[in-house]
Visitor: 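A single structure is presented below for examination.
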Amino acid sequence: MALLEKVGDTILSMGKDMSQKAKDMSGIAKLKLNIRSKEDFIKEQYIEIGKAYYERHKGEEVPVMAQFAQIDEALEDIARMELQILELKGARKCPECGSEAAETAEYCSVCGAKLSVVVEEEPEKADDLELDIETDSKEASDEEEM
């Protein structure tokens, strides 16, 4: 009987692992699709900038600078999504050559550069801290009013 329970637990555990991997793969596919969309948007903006530049020199009109900001924003979105893909894969980018390396790797397998250990603060904790500070200051001001 204990053997059947152990087998059942193992099957359940494997099912959860497979489900998580499928979810991760779906997330990666979605991020790659979003990256492609942003890259297409950037190409369209480059075309518009080219047209605006042409028009500026033809008729001495100033191109719209808002497009530069839109391109910068799209490029930042792409970089953020690429980092999310690396996180889902359990990898990171080599700072020297830009190739993908395992999170646990000490050296890049492509260029041999030493990979530093990055310790990041979780954003949720930082938000909670800000919320706590705001709550404390609000409570203090409420007490002063009384």
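Computation of the quantities below employed the complete heavy-atom set of this structure, encompassing side-chain atoms and omitting hydrogens, waters and symmetry-equivalent molecules.
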Visitor: Is there a path of hydrophobic side-chain contacts, each under 4.5 Å between heavy atoms of I, L, V, M, F, W or Y residues, that connects Leu33 with Leu88?
Guide: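 Shared cluster, no.
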
Visitor: Looking at every heavy atom in both Val110 and Ser99, which two are closest together, and how far apart are they?
Guide: CG2-OG, 3.5 Å

Visitor: Rounded to the nearest 0.5 Å, how far does CE of Met81 lie from CG of Leu83?
Guide: 11.0 Å

Visitor: Once side-chain hydrogen bond (donor to acceptor under 3.5 Å, both in side chains) is applied, what residue pairs with a partner in residues 12-23 remain, sequence neighbours excluded?
Guide: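 Residue pairs passing side-chain hydrogen bond (donor to acceptor under 3.5 Å, both in side chains), neighbours aside: Gln20-Asp24.
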
Visitor: What closest approach, in Å, do Arg92 and Leu86 show between heavy atoms, and which atom pair accounts for it?
Guide: C-CD1, 3.9 Å

Visitor: Which value, rounded to the nearest 0.5 Å, describes the distance between Lys32 atom NZ and Glu82 atom CD?
Guide: 10.0 Å

Visitor: Quick check for you: to the nearest 0.5 Å, what is the distance between Ile78 atom CD1 and Glu39 atom CD?
Guide: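 Result: 4.5 Å between the selected atoms.
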
Visitor: Using the rule that Ile, Leu, Val, Met, Phe, Trp and Tyr join whenever any side-chain heavy atoms are under 4.5 Å apart, tell me whether Ile49 and Leu75 fall into a single cluster.
Guide: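 Same cluster: Ile49 reaches Leu75 through Ile, Leu, Val, Met, Phe, Trp or Tyr contacts under 4.5 Å.
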
Visitor: Lys89: what forms a salt bridge (Lys or Arg N to Asp or Glu O under 4.0 Å) with it, not counting sequence neighbours?
Guide: Glu100

Visitor: At their closest point, which heavy atom of Phe41 faces which heavy atom of Ala74, and how far apart are they?
Guide: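 Shortest heavy-atom separation between Phe41 and Ala74 comes out as CD2-CB, 4.0 Å.
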
Visitor: Testing the basics here: between Leu115 and Pro95, what is the closest heavy-atom pair and its distance to 0.1 Å?
Guide: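 Minimum heavy-atom separation between Leu115 and Pro95: CD2-CD, 3.7 Å.
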
Visitor: Flag the pair Asp77 / Glu73 as yes when at least one side-chain heavy-atom distance between them is below 4.5 Å, and no otherwise.
Guide: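 Yes; the side chains approach each other to less than 4.5 Å.
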
Visitor: Tell me whether Arg36 at atom CZ has more than 12 heavy atoms from other residues, nucleotides or ligands lying less than 6.0 Å away.
Guide: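 Result for CZ/Arg36: open.
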
Visitor: Quick check: is Leu31 connected to Ile42 through a chain of hydrophobic side chains (ILVMFWY, heavy atoms under 4.5 Å apart)?
Guide: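 Linked within one cluster.
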
Visitor: What's the shortest heavy-atom distance between Ala113 and Glu96, and which atoms?
Guide: CB-CG, 3.3 Å

Visitor: Enter the distance from Ile85:CD1 to Glu87:CD here, rounded to the nearest 0.5 Å.
Guide: 11.0 Å

